[in-house]
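Along the sequence shown, residues carry numbers from 1.
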Amino acid sequence: MIGIVVPAHDEEATIRACLAATHRASRHPALAGEKVETIVVLDACTDATGVVAACCDALTVTIRARNVGMARAVGAEALLARGARWLAFTDADTLVSEDWLAAQLALQTEVVCGTVSVADWSPHGGNAGLLAAHFGATYADREGHRHVHGANLGVSAAAYRRAGGFRHLACSEDVALVRALADAGCSIAWSALPRVVTSARTDARAEGGFATALLHAVAQRLAEAAGGPPGAAAAA
């Protein structure tokens with residue numbers, strides 16, 4: 001069985017589309033009918049995320065931690081207990097490609113670190129073009145990249161257990177896990193083949209995550225355009 005973990009905090013606006021995409025990925029012919037289960041970890045949700053997830057036939061579990069590391073860990077443990085041999089992780093504001101799982105497994109490795117793309121930069125208003133240009137110029141969306149994204153990550157059950165799983169970190173839990181996997185001697189594919197499209201939203205669910213990085217990038221570019229010193233926005 002293949003397991004998909006989606007942490008969620010108040011994601012009723014995005015979770016339906018996310019789960020529709022994971023459902024399509026779970027039916028890819030290359031999986032040869034292998035069972036795929038998706039679990040949404042409802043972390044201190046105050047909206048209808050859980051109702052929508054249940055209507056989409058996803059498993060759900062509720063925690064009250066406001067901690068994405070704990071959410072991913074709880075989801076992973078639940079799926080391991082159900083017999084998952086492979087764990088795939090994404091985010092509630094992300095759409096995985098139809099061949100996402102198939103592409104991860106086709107790499108025949110213990111860990112897959114994928115890239116992300118953004119289709120809509122409009123949440124950043126007048127800075128959308130600036131940020132899109134910055135992302136295109138600085139982000140390595142190619143084989144051999146060294147990005148780590150919880151929105152596009154896969155790991156075998158054996159490797160996950162060997163590395164000790166996700167630490168209960170409020171951010172950078174994905175980076176910490178990949179570091180632990182590398183330290184444990186796991187084989188890692190740094191690949192752009194498993195595709196996902198994530199949002200460029202400005203209301204970060206995990207401070208220090210992708211949304212925060214985008215906001216810092218905007219501030220940096222604006223500071224540079226105004227003639228400020230390099231790195232002036234780092235403390236913003």
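- For the pair Asn67 (side chain) and Met70 (backbone), a donor-acceptor distance under 3.5 Å is present.
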Kindly list each side-chain donor-acceptor pair under 3.5 angstrom involving residues 177-188, sequence neighbours excluded, with atom names and distances?
| residue | atom | partner | partner atom | Å |
| --- | --- | --- | --- | --- |
| Ser187 | OG | Thr109 | OG1 | 2.9 |
| Ser187 | OG | Glu110 | N | 3.1 |
| Ser187 | OG | Glu110 | OE1 | 3.4 |

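- Salt bridge status for Asp43 with Arg64: absent, with no side-chain N to carboxylate O gap under 4.0 Å.
- A salt bridge links Arg195 with Asp141: the closest approach of a Lys/Arg side-chain nitrogen to an acidic carboxylate oxygen falls below 4.0 angstrom.
- The shortest non-hydrogen separation linking Glu37 to Leu59 is OE1-CD1, 3.5 Å.
- Taking the six-membered ring for Trp and thresholds of 30 and 60 degrees, His147 and His145 have nearly parallel ring planes, at less than 30 degrees apart.
- A ring-ring contact (aromatic ring centres under 6.0 Å, His included) check over residues 2-55, counting only residues at least two apart or in different chains, returns nothing.
- Between Thr115 and Arg142, the shortest heavy-atom distance links the atoms CG2-N, 4.4 Å.
- In terms of modelled atom types and a separation under 3.5 Å, the side chain of Thr60 and the main chain of Gly50 share no donor-acceptor contact.
- With Arg201 as reference, Asp93 is the one residue of Asp91, Asp93, Asp120 to meet the salt bridge (charged side-chain N to carboxylate O under 4.0 Å, His left out) rule.
- Applying the 6.0 Å contact sphere to CZ of Arg167 captures no more than 12 heavy atoms from other residues, nucleotides or ligands.
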Test log, rule side-chain contact (heavy atoms from CB on, under 4.5 Å), inputs Leu101 and Leu31: CA-CA 8 Å; Leu101 293 173; Leu31 301 181; 4.1 Å; yes

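- In terms of modelled atom types and a separation under 3.5 Å, the side chain of Ser191 and the main chain of Gly114 share no donor-acceptor contact.
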Starting from the C-alpha separation in whole Å, work towards a yes-or-no answer on side-chain contact (heavy atoms from CB on, under 4.5 Å) for Val40 and Leu19. CA-CA 9 Å; Val40 178; Leu19 294 176; 3.9 Å; yes

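- Taking CZ of Phe89 as the reference point, atom CZ of Phe166 lies at 4.5 Å (rounded to 0.5 Å).
- Residues Val5 and Ile2 are members of separate hydrophobic clusters, defined by side-chain heavy-atom contacts under 4.5 angstrom among Ile, Leu, Val, Met, Phe, Trp and Tyr.
- Minimum heavy-atom separation, Ala78 to Ile39: CB-CD1, 3.7 Å.
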Decide yes or no on salt bridge (charged side-chain N to carboxylate O under 4.0 Å, His left out) for Glu34 and Arg85, but give the supporting numbers first. CA-CA 11 Å; Glu34 183 172 1; Arg85 69 176 183 91; 2.7 Å; yes

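- No more than 12 heavy atoms of other residues, nucleotides or ligands shown are found within 6.0 angstrom of CZ on Arg16.
- Counting heavy-atom neighbours within 6.0 Å of Arg146 CZ, excluding the residue itself, gives a total above 12.
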Yes or no on side-chain contact (heavy atoms from CB on, under 4.5 Å) for Glu173 and Val148, after CA distance, side-chain angles and deciding distance? CA-CA 10 Å; Glu173 79 295 338; Val148 177; over 6 Å; no

